[in-house]
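Data first, discussion second: the structure below is written as structure tokens.
Below, read A as the first sequence line, B as the second, and so on, with proteins coming before strands; counting in each chain starts at 1.
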Amino acid sequence: MALRFYNTLSQQVEDFSPARDNTVRMYTCGPTVYDFAHIGNFRTFTFIDILRKCLRANGFRLDHVMNVTDVDDKIIRNAVAQHKSLEDYTAIYKNAFLEDCGLLRLESPERLVPATAHIDDMVEAIERLGAGNHTYSSDGSVYFRISTFPGYGKLSHNDFSGNLAGARVDVDEYEKADARDFALWKAPKEGEPAWQTPLGPGRPGWHIECSVMAIKYLGETLDIHAGGIDLVFPHHENEIAQSESLTGKPFSRFWLHAEFLMVEGQKMSKSLGNYYTLRDLVGRGYAPEAIRYLLASVPYRKSLNFTLDGLKSAAIAIERLRNFKLRLETDRYQPGHNEQLAARTAAASQAFGDSLNDDLNTAEALAAVFEYVRDANSAMDSGEFRAGNVAAAAEFLGRFDSIFQVLEPGVQAGQISDAQVESLIAERNAAKKARNFARADQLREELLQQGIILEDTKSGVRWKRK
RNA sequence: GGCGCGGUAGCCAAGUGGUAAGGCAAAGGUCUGCAAAACCUUUAUUCGUCGGUUCAAUUCCGACCCGCGCCUCCA
């Protein structure tokens with residue numbers, strides 16, 4: 001099945017391929033580094049990771065830009081309060097974000113670009129917008145005049161014609177000509193850090209960094225722009241207004257948005273006490289792989305109910321897949337090749353890919369994997385699984401894990417070495433042969449204390465780390 | 001109020017105009033020195049409610065109820 005995505009712009013599922021050569025030019029909204037990212041943020045970032053991997057699985061190359069917003073009102077407020085420079089303050093959370101991404105096995109985009117390294121580009125873009133009469137100044141700030149952009153509202157499917165002038169709006173801070181106009185450049189308030197530019201002292205507005213950095217690195221029309229659904233309005237709508245006013249070309253061909261995450265059936269909020277950062281959960285003993293699995297297992301366009309029970313279920317589901325992989329690698333099989341099973345393996349792998357290509361239906365893709373695992377385990381039990389079937393099974397597992405990335409356990413410091421484990425297993429085998437089961441059980445218990453689980457099988461002993 | 005998404009078994013969650021994937025949990029069984037792992041069986045006559053279209057609807061249409069998001073910073 002050809003790859004296809006739901007496009008927020010058209011509100012339809014459309015076949016996808018990049019516009020030029022074989023490279024997907026993609027921009028995704030990254031973190032604002034004013035605090036630790038929470039599990040809802042990572043729902044979106046996990047979706048983007050799955051998206052990347054599926055694009056590559058379809059043979060496309062990637063040029064993916066993600067921004068790091070390292071200047072905004074909250075960052076300035078917090079940095080000033082803590083008497084830190086913007087750089088010192090944001091470095092803490094940027095590093096934490098990168099660490100968290102590593103734990104969740106989220107690939108780095110080809111380019112990770114900080115807003116503050118592009119101030120000159122933004123100033124230049126604002127000047128060009130001004131030259132095109134898209135802007136006006138007020139109290140040292142520069143605003144985008146929405147009435148100069150006829151397509152405003154096309155992404156969020158809102159009709160803004162006519163209902164603006166009389167709208168009740170909060171105008172306490174800035175003077176705007178129209179309620180929907182937004183800041184391109186913000187004049188500093190008392191004591192705030194500011195850049196000295198031809199526009200006057202100040203800092204960029206929220207939306208301009210994305211337009212400028214996307215166009216700078218990827219060109220005037222992106223293949224894909226993605227982010228959380230709450231960014232549709234106003235952030236992405238405003239990006240479109242700026243970018244298309246600047247270039248006269250469509251800003252992005254596809255717009256993909258991830259739905260929200262709920263926690264225990266409720267919205268996540270600090271006051272409800274169900275607000276989790278990744279480090280909260282890891283600190284409570286939940287495996288990053290289980291978190292990744294849970295976040296990835298619900299298709300991105302559906303809201304995801306994140307629960308601690310769900311996390312436990314996810315860990316057990318992963319365990320089942322790892323057990324299968326271990327069995328595949330350690331059992332001995334009769335020579336030969338089971339054609340029927342081979343055909344079912346191929347069908348399962350095909351179903352897996354088709355499901356992912358159908359707007360990243362990860363739930364359906366997982367179903368194909370689990371159905372296959374049951375089938376193959378069953379064939380192993382009955383002896384119908386033959387040596388000639390191993391390669392295709394391993395390949396399917398590899399295909400699965402190239403997307404989901406949950407099969408390899410995370411490494412922990414201070415673990416017993418493989419050689420030590422093998423040595424103790426040999427000792428236990430000798431004890432078993434001598435029918436000294438007490439000693440054998442004692443050795444198993446000792447290994448268990450070290451986090452090693454033994455399984456006696458027809459093919460001999462196999463072991464795994466807890 | 002406007003725009004958008006959703007309500008499927010104990011929980012999580014796919015899906016289709018023709019009679020309900022998968023995971024977890026629960027119960028029973030097979031296998032086994034023990035322990036695991038694995039497999040088998042059982043668990044939604046029913047898909048928020050009420051109407052309509054149809055030979056047939058969970059799937060299409062309408063109304064209503066409930067939850068969530070955006071409309072102000074927000075993944």
Side-chain angles (χ1 to χ4, degrees), chain A residues 6 8 11 28-32 34-35 37-48 72-74 153 155-160 163 167 169-170 179-180 206 226-237 257-262 264-268 293-294 297-307 309-324 326-327 330-331 351 355 358 361-382 432 435-438 440-441 444-445 448 453-458 461-464:
Chain A
Y6 179 86
T8 305
Q11 299 180 293
T28 61
C29 290
T32 300
Y34 74 99
D35 197 356
H38 56 67
I39 203 69
N41 299 120
F42 285 116
R43 198 272 165 107
T44 296
F45 295 129
T46 302
F47 144 64
I48 287 165
D72 88 324
D73 291 358
K74 274 181 293 223
L155 181 68
S156 56
H157 303 99
N158 282 313
D159 180 8
F160 292 107
N163 65 341
V169 258
D170 188 6
R180 305 289 174 178
W206 175 31
I229 193 157
D230 54 323
L231 297 181
V232 172
F233 189 88
H235 184 52
H236 289 163
E237 199 74 75
H257 294 100
E259 260 292 344
F260 252 54
L261 170 147
M262 313 263 289
E264 308 287 348
Q266 295 183 292
K267 53 176 112 174
M268 180 170 66
Y293 180 97
L294 181 55
S297 65
V298 178
Y300 75 96
R301 283 209 296 131
K302 176 152 176 166
S303 67
L304 183 162
N305 187 10
F306 188 92
T307 67
D309 272 354
L311 224 37
K312 288 175 196 146
S313 300
I316 292 165
I318 293 170
E319 194 58 31
R320 176 169 164 79
L321 299 174
R322 286 178 179 171
N323 285 335
F324 176 71
L326 185 64
R327 183 181 192 184
T330 56
D331 266 13
S355 296
D358 186 9
N361 190 337
T362 48
E364 201 172 75
L366 285 172
V369 172
F370 280 101
E371 273 181 280
Y372 172 71
V373 167
R374 186 181 350 93
D375 187 13
N377 265 320
S378 198
M380 288 172 180
D381 284 354
S382 67
K432 269 173 55 176
R435 303 198 63 79
N436 183 354
F437 293 122
D441 288 349
R444 192 218 303 276
E445 182 56 32
L448 185 60
I453 295 167
L454 300 190
E455 296 177 2
D456 293 329
T457 75
K458 275 180 282 187
V461 181
R462 67 170 171 242
W463 62 276
K464 61 190 179 188

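- Using modelled atom types, one side-chain atom of A:Glu237 and one backbone atom of A:Leu155 make a donor-acceptor pair closer than 3.5 Å.
- Protein atom CG of A:Asn361 is 11 Å distant from nucleotide atom C1' of B:rG22, rounded to whole Å.
- One P atom belongs to B:rG51, the other to B:rU58, and the distance between them is 13 Å to the nearest Å.
- Residues from residues 40-48 of chain A that place a heavy atom under 4.0 Å from any atom of RNA chain B, listed by number: A:Gly40, A:Asn41, A:Thr44.
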Can you check nucleotides 32-34 of chain B for protein contacts, nitrogen or oxygen pairs under 3.5 Å, and list what you find?
from, atom 1, to, atom 2, distance (Å)
B:rG33, O6, A:Arg428, NH2, 3.4
B:rG33, N1, A:Asp441, OD1, 3.2
B:rG33, N2, A:Asp441, OD1, 3.3
B:rG33, N2, A:Asp441, OD2, 2.7
B:rC34, O2, A:Arg444, NH2, 2.5
B:rC34, N3, A:Arg444, NH2, 2.6
B:rC34, N4, A:Asp456, OD2, 2.6

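- For B:rC64 and B:rG4, the P atoms lie 16 Å apart once the distance is rounded to whole Å.
- Considering only heavy atoms from C-beta on, A:Leu326 comes within 4.5 Å of A:Arg462 through its side chain.
- Taking the P atom of each, B:rC24 and B:rG1 are spaced 43 Å apart, rounded to whole Å.
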Pairs counted as Watson-Crick or G-U wobble with both distances under 3.5 Å: what dot-bracket string results for RNA chain B, using | for bases tied to another strand?
-> (((((((..(((.....[...))).(((((.......))))).....(((((..]....))))))))))))....
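- Nearest heavy atoms, A:Thr8 versus A:His157: O-CE1, 2.8 Å.
- Residue A:Met380 is out of contact with every strand shown, counting any heavy-atom pair closer than 4.0 Å.
- The aromatic rings of A:Tyr293 and A:Phe370 stand perpendicular to each other, their planes meeting at an angle above 60°, with 30° marking the opposite boundary.
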Donor-acceptor contacts, no H, no angles, side chain residues 39-46 of chain A, under 3.5 Å, sequence neighbours left out:
from, atom 1, to, atom 2, distance (Å)
A:Asn41, OD1, A:His38, N, 2.8
A:Asn41, OD1, A:His38, ND1, 3.3
A:Asn41, OD1, A:His38, NE2, 3.2
A:Arg43, NH1, A:Glu259, O, 3.1
A:Arg43, NH1, A:Phe260, O, 3.4
A:Arg43, NH1, A:Lys302, O, 3.0
A:Arg43, NH2, A:Val298, O, 3.4
A:Arg43, NH2, A:Pro299, O, 3.0
A:Arg43, NH2, A:Lys302, O, 2.8
A:Thr46, OG1, A:Phe42, O, 2.6

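- The interatomic distance linking A:Lys267 (NZ) with B:rA75 (C1') rounds to 15 Å, in whole Å.
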Could you walk me through whether A:Phe306 and A:Glu264 pass the side-chain contact (heavy atoms from CB on, under 4.5 Å) test, one step at a time?
-> CA-CA 6 Å; A:Phe306 188 92; A:Glu264 308 287 348; over 6 Å; no
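- The CZ atom of A:Phe370 sits 13 Å away from the C1' atom of B:rA21 (whole-angstrom rounding).
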Do nucleotides 5-13 of chain B as a string where each nucleotide becomes B, S or -: B if the base has a protein heavy atom under 4.0 Å, S if just the sugar-phosphate does, - if no protein is that close.
-> SSS----SS
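- The two atoms that bring A:Ser297 and A:Leu294 nearest to each other are OG-O, 3.0 Å, heavy atoms only.
- The side chain of A:Ile316 approaches B:rA25 more closely than any other nucleotide in the set B:rA21, B:rA36, B:rA25.
- Taking atom P on both B:rU43 and B:rG22, the two are 13 Å apart, rounded to the nearest angstrom.
- Within 4.0 Å of A:Phe233, counting heavy atoms only, lie sugar-phosphate atoms of the nucleic acid but no base atom.
- Scanning both residues, A:Ser355 and A:Ala365, for their nearest heavy atoms gives CB-N, 3.5 Å.
- In this structure, the nucleotide among B:rA14, B:rA75, B:rU72 sitting nearest to the side chain of A:Glu364 is B:rA14.
- Distance, A:Leu311 CG to B:rA25 P: 14 Å, rounded to whole Å.
- Ion pairing between a basic and an acidic side chain is recognised when a charged N comes within 4.0 Å of a carboxylate O; A:Asp456 and A:Lys432 show such pairing.
- Atom NE2 in A:His257 sits about 13 Å away from atom P in B:rA75, given to the nearest Å.
- Taking a cutoff of 4.0 Å between a charged side-chain nitrogen and a carboxylate oxygen, A:Asp331 and A:Lys458 do not qualify as a salt bridge.
- Here the separation of B:rC12 from B:rG7, taken at their P atoms, is 12 Å to the nearest Å.
- Within 4.0 Å (heavy atoms only), A:Leu326 reaches no atom of the nucleic acid at all.
- For the C1' atom pair drawn from B:rA14 and B:rA44, the interatomic distance equals 15 Å after rounding to whole Å.
- Between A:Asn377 and A:Arg327 the shortest heavy-atom distance is OD1-NH1, 2.9 Å.
- Checking side-chain atoms of A:Asn323 against main-chain N and O of A:Glu319 turns up a donor-acceptor pair under 3.5 Å.
- Nearest-nucleotide positions on RNA chain B for A:Thr457 and A:Gln266 put A:Thr457 closer to the 5' end.
- Protein atom NZ of A:Lys458 is 17 Å distant from nucleotide atom P of B:rU30, rounded to whole Å.
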Decide side-chain contact (heavy atoms from CB on, under 4.5 Å) for A:Val369 and A:Leu321; before the verdict, give the C-alpha distance in whole Å, the side-chain angles of both, and the deciding distance to 0.1 Å.
-> CA-CA 9 Å; A:Val369 172; A:Leu321 299 174; 3.9 Å; yes
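- For A:Lys74 and B:rA75, the NZ to C1' distance is 11 Å, given to the nearest whole Å.
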What nitrogen or oxygen pairs link the protein and nucleotides 38-42 of chain B at under 3.5 Å?
from, atom 1, to, atom 2, distance (Å)
B:rA38, O3', A:Asn377, ND2, 3.1
B:rA38, O2', A:Arg327, NH1, 3.4
B:rA38, O2', A:Asp381, OD1, 3.3
B:rA38, O2', A:Asp381, OD2, 2.6
B:rC39, OP1, A:Arg320, NH2, 3.1
B:rC39, OP2, A:Arg320, NH1, 3.1
B:rC39, O4', A:Asp381, OD2, 2.9

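- Side-chain atoms of A:Asn361 come within 3.5 Å of backbone N or O of A:Glu364 as a donor-acceptor pair.
- Toward the 5′ end of RNA chain B lies the nearest nucleotide of A:Val232, the other residue of the pair A:Val232 and A:Cys29 mapping further downstream.
- Heavy atoms of A:His38 sit under 4.0 angstrom from at least one base atom.
- Atom CG of A:Asp230 and atom C1' of B:rG4 are 13 Å apart (whole Å).
- Contact between A:His236 and A:Cys29 at its shortest, heavy atoms only, is NE2-SG, 3.3 Å.
- With hydrogens and angles ignored, the 3.5 Å screen pairs no side-chain donor or acceptor of A:Asn158 with any backbone N or O of A:Gly153.
- Note on A:Glu455 versus A:Lys464: salt bridge recorded, some NZ/NE/NH1/NH2 to OD/OE distance being below 4.0 Å.
- B:rA63 and B:rC11 have their P atoms separated by 30 Å, given to the nearest Å.
- The side chain of A:Met268 has B:rA75 as its nearest neighbour among B:rA75, B:rU72, B:rC3.
- To the nearest whole angstrom, the two P atoms, one in B:rU53 and one in B:rU59, are 15 Å apart.
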